[in-house]
2 protein chains.
Amino acid sequence: MQHESGHDPVRIERALQGDPVEATLTTSRALLGLVARSLSETLDLVTLPQFRVLVILAGNGPMRIGELAKRVRSVPSTFTRSMDRMEQQGWVVREASPTSRREVLVHLTPKGAQLVVEVTDRRRSEISEVLRRLTPEDAEIVARAFAVFAAAAAEPPPEDLVLLGL
Amino acid sequence: MQHESGHDPVRIERALQGDPVEATLTTSRALLGLVARSLSETLDLVTLPQFRVLVILAGNGPMRIGELAKRVRSVPSTFTRSMDRMEQQGWVVREASPTSRREVLVHLTPKGAQLVVEVTDRRRSEISEVLRRLTPEDAEIVARAFAVFAAAAAEPPPEDLVLLGL
DNA sequence: CACAACAGTTGCATTGATGCAATCATTGCG
DNA sequence: CGCAATGATTGCATCAATGCAACTGTTGTG
């Protein structure tokens, strides 16, 4: 069980020989590293739970505070306070709902939206860089394979993604 | 910017047309969901920072407490207390170093090792399940492509992985 | 031997998240 | 209208993580 990190000759061997599970595991670690890197600067500014909120808002537009709380598996009391902090730091704003005066909608501020964009951009550019190291033929193979895999994996339910923030 | 989650027709289209970056992004989300799921039960037992520690120990064997702290970008004072908690809960044990009496080595307990194994197993089996949905030919393509990608991406530095816990 | 460097712990203070219970305002329904 | 349900906030209380500064013990070096 030693040597979980570092190029493990056995694992690579198996991957090249075509053990799909091992290849997928290795790739998932590579992608995770990439995701983590894309997030790392950002996590100096917001916490992971906070970033999840930003991502959800970026993806779905303004949302009721309770609905948002449910999405991140939090409870209203916790979440109200979390919003206090995030609003104070300028990532989001509370606004009265146009339909009901007891509902409060949370909006992303430009600053908050920007943060999410930066992470996504960073992620895209990191991916590009990896792909640039491939021959065009390999890149084509990879793209096709990824599309196939992604289709089979199905879009992960938001509750799962929320766990790690995107 | 709407609709970050959910099947985005545009993104899938581009993936199928062969935009490698989009395909990779989609796949990374799928894999992230999978990783998150493999972790979700476990995070009821330990925190993410704590799980990182378990993973590092599982991969490298017993380690000095300061070295471990450095790995997770923590400081000794923080880390001592984190070890207190983890030791009390039976995930790790402190043991005197055989070489120096001022050093303290942290060992994984069987219980701690087990936890890491469970997560990895869960991840493997989730991956298997996705791959089972592919035709053998597609699985072969995927395996080959993943191996290629993983090689190009290079093993992520441990500091990056540490950020998300494996 | 003496003193500096090192490894780890402890005191203290702060922050973010968590959640139960109670409260306030609003809404919708009988 | 009146009252129950709803949405959000507030009052606790707790816990994990963070990190500076001071301190204890150990090692190694001049």
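First the proteins, then the strands, lettered A, B, ... as listed; each starts at 1. Computed over heavy atoms, backbone and side chain alike; hydrogens, waters and symmetry mates excluded. As the structure is a computational prediction, the values presented were derived from the model and not from experiment.
Protein chain A contacts DNA chain C over a range whose 5' and 3' limits, counting nucleotides with an atom under 4.0 angstrom from a non-hydrogen atom, are dG16(C) to dT27(C). Where DNA chain D meets chain B (any atom under 4.0 Å from a heavy atom), the bounding nucleotides read 5' to 3' are dA16(D) to dT27(D).
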Test log, rule side-chain contact (heavy atoms from CB on, under 4.5 Å), inputs Ile65(A) and Leu105(A): CA-CA 6 Å; Ile65(A) 210 163; Leu105(A) 295 184; over 6 Å; no
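Shown here are the side-chain contact (heavy atoms from CB on, under 4.5 Å) partners of Arg102(A), two or more places apart in sequence or in another chain: Ser100(A). Looking at residues two or more places apart in sequence or on another chain, you find a side-chain contact (heavy atoms from CB on, under 4.5 Å) between Ala153(A) and Phe149(A), Ala30(B), Val130(B). Taking the salt bridge (Lys or Arg N to Asp or Glu O under 4.0 Å) definition, one finds that Asp84(B) meets it with Arg94(B), sequence neighbours left out. Annotation: side-chain contact (heavy atoms from CB on, under 4.5 Å) contacts of Thr42(B) (sequence neighbours excluded): Val46(B), Phe51(B), Leu115(B), Val119(B), Arg122(B). Every salt bridge (Lys or Arg N to Asp or Glu O under 4.0 Å) that Glu126(A) has, sequence neighbours left out, goes to Arg37(A). Shown here are the side chain to side chain donor-acceptor pair (under 3.5 Å) partners of Gln114(A), two or more places apart in sequence or in another chain: Glu118(A). For Val93(B), the side-chain contact (heavy atoms from CB on, under 4.5 Å) test picks out Glu87(B), Glu95(B), His107(B), Thr109(B), with sequence neighbours left out.
Two residues are said to be in side-chain contact when any heavy atoms from C-beta on lie closer than 4.5 Å; Phe146(A) and Val142(B) fail this criterion. Between Arg71(A) and Asn60(A), some side-chain heavy-atom pair lies under the 4.5 Å cut-off. The closest side-chain heavy-atom distance from Leu39(A) to Leu48(A) is below 4.5 Å. For the pair Leu54(A)/Gln50(A), no side-chain contact is recorded, criterion being any heavy-atom separation below 4.5 Å from C-beta on.
When the nearest nucleotides of DNA chain C are assigned to Glu67(B) and Thr47(A) by heavy-atom distance, the more 5′-ward of the two goes with Glu67(B).
In Gln89(A), the CD atom is crowded: over 12 heavy atoms of neighbouring residues, nucleotides or ligands sit closer than 6.0 Å.
Computed from C1' positions of five pairs at each end, the angle between the two local axes of the helix from dC1(C)-dG30(D) to dG30(C)-dC1(D) equals 0°, rounded to 10 degrees.
Under the 4.5 Å side-chain heavy-atom criterion for Ile, Leu, Val, Met, Phe, Trp and Tyr, Val72(A) and Leu45(A) are members of the same hydrophobic cluster.
Of the residues in residues 87-100 of chain B, those with a non-hydrogen atom less than 4.0 angstrom from any atom of DNA chain C are Arg94(B). Residues of residues 75-85 of chain B that place a heavy atom closer than 4.0 Å to DNA chain C, in numerical order, are Pro76(B), Ser77(B), Thr80(B), Arg81(B).
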